[in-house]
Amino acid sequence: MQVEFKQINAVTKEVNLSVEAERADKEYKRYLNKSARDVQIPGFRKGKAPLSMVERMHADTIRDYFLKHIVDIIFEEAVKDHDIHFLLYPEVKDITWEPGSEMNIVIEIEHEPDIDFKQTEGLRVPYTPVSLENEAMKYLKHLAEENANVIDIEIAEDNDMVTTEMSFKTGNTVHKHGAVLFAGDKFPQRSFKELAGSKTGDLIDIPISGKSIKLMTKQNIAELDNDTEYPCSVMVNSVTRYTIPAIDDDFARDMEFENLEEMKSKVMADLEKRVEHQNFNGENLAVISKLYIDNYFDLPSRTIDYLAEKDLERMDKPEWKKYYEYQIKMQIAQEMITYYTVSNLKKRIELEITDEMKDEYIEHEAILEDKSVGAYKETHQDEMDNENFPEEMRTYFILRKLAAVSEFHIPDPEDQHYDDEYIEDAEIIEEIPEPNTAKGNQEDK
């Protein structure tokens, strides 16, 4: 058997297998003899009909099954003899064979890319670091939201929350459901200008689409057409307003500080270490992105399609699939870029993890989770005992090593380009769960 390879792109190659005529004929006769034992021919006991008759009556079927059988045998030999690694299952592109002739098999496989990095040191990497001041303000805003008040309002204004009982008809059926709406137009499918100026006890007629009714009532009412507007009677039960305190000196004093400046300084001091380590991870990811941009490689599209489909199969409602398919494929592609880049870096950069480095990595992870080292070890002991943990550490330190010899710069917004692709007419349904990408499902042989 002869084996030849033809590289299609960085992750796809053709494997051309040539099987000698003598062996192909021998394998066919062996398969024919085996098949004949299971064939029932009228006038003969099962398995006792002459081979020539069996072959004449079932030639096409036997040939088809034989070719599938021989491909498995030949390809498995080639994999062992030539150390072929591939993702998923091989795709048979062509088989040519006639009795007495050489058999030729063309198989296409997808595999991990072998990346020849143009440069790994002295990279100029675009990265916008996490700002300590911005993180402090995020924390203060979150704290203010936690201390927000919900107050009763007499007359609804824009963005006020209106608790209602909504009634509408489909055919001869009257439906009544509680629903929380908003006055104005801020929240798509939930806000209605007709509610501005309303008060408790008002009954308001509002045309509402079937899609919005499903969203607000959390009822998947089959009779409702998403794009049709239905006359709805909305009874206002209450009007409330969500009020968030201003982040000022008064708010700081309520939190037992002298003033806002003192409070902000304390928050920044508490967050400083965590932000520093967030930027360590951010720089690592930026290095990966830079290496991918500078050393672009194709991704295994068939494998991505397969993994996405397996992930989509786990969704309970088929109608959700088309809304998440693009997002899931993008997530899988990003994971592959990271994995393949890091995998190829590890082949080129030798790094032994010392006990000191292990302690440093655990401290890094503990800081990110705002835990003491002891508490982190207690909650993550199973992960630390896992065989993948040393590889996670190697990844971190290899990227930190490259980051240390890279120049980071804040990118110009005008130089950043984003895909304009989006999923049109995506229904926003609150009950739809966040998708999880399919990890670890690649069959790398």
| Phe389 ring center near Tyr361 ring center (under 6.0 Å) | yes

| message | Centroid separation under 6.0 Å, is that true for the rings of His364 and His277? | response |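 Yes; His364 has its ring centre under 6.0 Å from that of His277.
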
| request: Compare every heavy atom of Val125 with every heavy atom of Ser406, then report the nearest pair and how far apart it is. | output: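 Reported closest heavy-atom pair: CB-CG2, 4.0 Å.
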
| Shortest non-hydrogen contact from Pro300 toward Leu87 |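 Closest pair (atom of Pro300, atom of Leu87, distance): CG-CD1, 3.8 Å.
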
Please determine whether a side-chain nitrogen of the Lys or Arg among [X] and [Y] lies less than 4.0 Å from a carboxylate oxygen of the Asp or Glu.
X	Y	value
Lys321	Glu325	no
Asp114	Arg348	yes
Glu145	Lys141	no
Arg274	Glu135	no
Arg302	Glu91	yes
Lys310	Glu313	yes
Lys329	Asp305	yes

Within 6.0 angstrom of [X] [atom1], more than 12 heavy atoms from elsewhere:
X	atom1	answer
Lys371	NZ	yes
Tyr65	OH	no
Lys358	NZ	no
Lys347	NZ	yes
His142	NE2	no
Gln7	CD	yes
Tyr139	OH	no
Glu146	CD	yes

Donor-acceptor check, side chain of [X] to backbone of [Y], threshold 3.5 angstrom: yes or no?
X	Y	value
Asn149	Ile151	no
Arg124	His409	no
Asn386	Asp382	no
Lys186	Asp158	no
Lys266	Phe257	no
Asn344	Pro113	yes
Thr164	Ala179	yes
Arg394	Ile353	no
Thr379	Tyr376	yes
Asn279	Val130	yes

Pair [X], [Y]: side-chain N/O donor-acceptor within cut-off below 3.5 Å:
X	Y	answer
Gln381	Asp385	yes
Ser233	Asp205	yes
Thr173	Thr170	no
Glu369	His380	yes
Thr240	Asp152	no

| request: Classify the angle between the aromatic ring planes of Phe66 and Tyr31 as parallel (below 30°), tilted (30 to 60°) or perpendicular (above 60°). | output: tilted

Taking C-beta and beyond as the side chain, do [X] and [Y] meet within less than 4.5 Å on heavy atoms?
X	Y	result
Tyr242	Asn159	no
Val267	Met255	no
Leu215	Lys211	no

| task | With sequence neighbours excluded, give me every ring-ring contact (aromatic ring centres under 6.0 Å, His included) pair touching residues 179-224. | result |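 Checked against ring-ring contact (aromatic ring centres under 6.0 Å, His included) - neighbours excluded - the pairs reaching residues 179-224 are Phe182-Phe187.
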
